[in-house]
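Read the structure below first, then the notes.
Scope of the values below: all heavy atoms of this structure, side chains included, with no hydrogens, waters or symmetry mates. Chain letters run A, B, ... following the sequence lines, proteins first, then strands; residues in each count from 1.
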Number of protein chains: 2
Amino acid sequence: MPVPLYQAKADFFRTLGHPVRIQVLELLREGPRPVRDLLTEIEIEASSLSQQLAVLRRAGIVNATRDGATVVYELSSPDLAHLLVDARRILTDMLAGQGELLAELRAEGRKVG
Amino acid sequence: MPVPLYQAKADFFRTLGHPVRIQVLELLREGPRPVRDLLTEIEIEASSLSQQLAVLRRAGIVNATRDGATVVYELSSPDLAHLLVDARRILTDMLAGQGELLAELRAEGRKVG
DNA sequence: TACCGAGTTGCACAATTCTTCAACTTGATA
DNA sequence: TATCAAGTTGAAGAATTGTGCAACTCGGTA
């Protein structure tokens, strides 16, 4: 693997490594959403959400477009959805036999695919 | 998404978010390997590699088994390979038109799938 | 037992990242 | 223009991670 590449991959994964950012991405998987919408589903202050959206934006993982007074976010790559599904599968493997978290992962799997 | 789940996902991704750990995982994708082997391919001191292997072990992402005097590591879930491939695809999307990193990603894509 | 090679661990300091709050921008409305 | 709602930004201190080195454990071997 060429030198800067594993660094880019590491940066990418690190960007995903935050609970609020994960919640945002899971919501955006279903399609573009205004910030106001995200704010009602994620319990957090507006400025904190904005901080995390900025991290995702700077990393190029989401795109923001302004529509009048509201800002709408969307995933910049549809493959993000695959990645999140893979991650769930891996967590299922890893947590096999480790209790309630496993049950939740399975329940989500039924809904999502 | 239930409360602790996005936290588990975030922790998982954060664990992947380090250049040495990415290199290790990419090498282990091809199969189990002794530490000595990893050490010759990754330019780093033994103790630093050990630190990062410990992070992956604690997260349950790799498993270590002792074979005499050498320790062999392997991925704990084969789906990790899919995830890394998805990640490459996403980076390709995101970096489209951004120069040399893109060329490297494509070259790797030809080799790997 | 003594010794060496293979790995691991603990620790202290450096570097990043998070969190929170106040201040600011932009668009809509009166 | 004044004002309000929607988001964003900047900055400081707190918390988490990363780095490098010395010390340690465990097998194998003389």
Nearest-angstrom distance from the residue atom CD1 of B/Ile44 to C1' of D/dG18
11 Å
Return no unless some side-chain N or O of A/Arg21 is found under 4.0 Å from OP1 or OP2 of C/dC18.
yes
Path from B/Leu27 to B/Val71 over hydrophobic side-chain contacts below 4.5 Å
yes
Separation of C/dT8 C1' from B/Leu49 CG (nearest whole Å)
11 Å
If you only use heavy atoms from C-beta on, which nucleotide in C/dT9, C/dT20, D/dG7 is closest to the side chain of A/Ser48?
C/dT20
Heavy atoms under 4.0 Å is the rule here; annotate nucleotides 22-30 of chain D 5' to 3' with B where the base is hit, S where only the sugar-phosphate is, and - elsewhere.
B----SS--
From the candidates D/dT19, D/dT8, C/dT20, the one with an atom nearest any side-chain atom of B/Gln52 is D/dT19
When rounded to the nearest 0.5 angstrom, what is the spacing between CG in B/Leu80 and CZ in B/Phe12?
5.5 Å
Whole Å only: how far is the CD1 atom of A/Ile42 from the C1' atom of D/dG7?
15 Å
Using whole Å, what does the distance between atom C1' of nucleotide D/dT17 and atom CZ of A/Phe13 come to?
19 Å
Please report the closest heavy-atom contact between A/Ala10 and B/Pro19, naming both atoms and the distance.
CB-N, 3.4 Å
Check whether any side-chain nitrogen or oxygen of A/His18 sits under 4.0 Å from OP1 or OP2 of C/dT19, and answer yes or no.
yes
Output the single nucleotide from D/dG10, D/dT16, C/dT9 whose closest atom is nearest the side chain of A/Gln51.
D/dG10
Say you draw a straight line from CZ of B/Arg33 to CG of B/Leu75; how long is it, rounded to the nearest 0.5 Å?
11.0 Å
Partners passing salt bridge (charged side-chain N to carboxylate O under 4.0 Å, His left out) against B/Asp86 (at least two apart in sequence or in another chain):
B/Arg89
By the 4.0 Å heavy-atom rule, please label B/Thr70 as base, sugar-phosphate, or nothing.
sugar-phosphate
Choose from C/dG7, D/dT16, C/dT17 the nucleotide whose nearest atom is closest to any side-chain atom of A/Arg14.
C/dT17
Show me the side-chain donor-acceptor pairs of residues 44-61 of chain A shorter than 3.5 Å, one per line, residues at least two apart or across chains.
residue : atom : partner : partner atom : Å
A/Gln52 : OE1  : A/Arg21 : NH1          : 2.7
A/Arg57 : NE   : A/Tyr73 : OH           : 3.0
A/Arg57 : NH2  : A/Tyr73 : OH           : 3.3

Interatomic spacing from CD in B/Glu41 to CD in B/Gln23 - rounded to 0.5 Å
10.0 Å
Could you tell me how far apart A/Leu53 (CG) and D/dG10 (P) are, to the nearest whole angstrom?
16 Å
Atom CD of B/Gln7 to atom C1' of D/dT16: distance rounded to whole Å?
13 Å
A/Arg58 side chain N/O closer than 4.0 Å to the phosphate oxygens (OP1, OP2) of D/dT8?
no
Hey, does the side chain of B/Ser50 come within less than 4.0 Å of C/dT8's phosphate (OP1/OP2), counting only N and O?
yes
So, is A/Arg36 close to the D/dA5 phosphate, meaning a side-chain N or O under 4.0 Å from OP1 or OP2?
no
Find the distance A/Arg33:CZ to D/dA6:C1' and express it as a whole number of Å.
18 Å
Which atom names give the shortest non-hydrogen contact between B/Gly17 and A/Arg14, and what distance separates them?
O-NE, 3.3 Å
From the candidates C/dT8, D/dC21, D/dT9, the one with an atom nearest any side-chain atom of B/Glu45 is D/dC21
Does the side chain of A/Tyr73 get closer than 4.0 angstrom to OP1 or OP2 of D/dT8 through an N or O atom?
yes
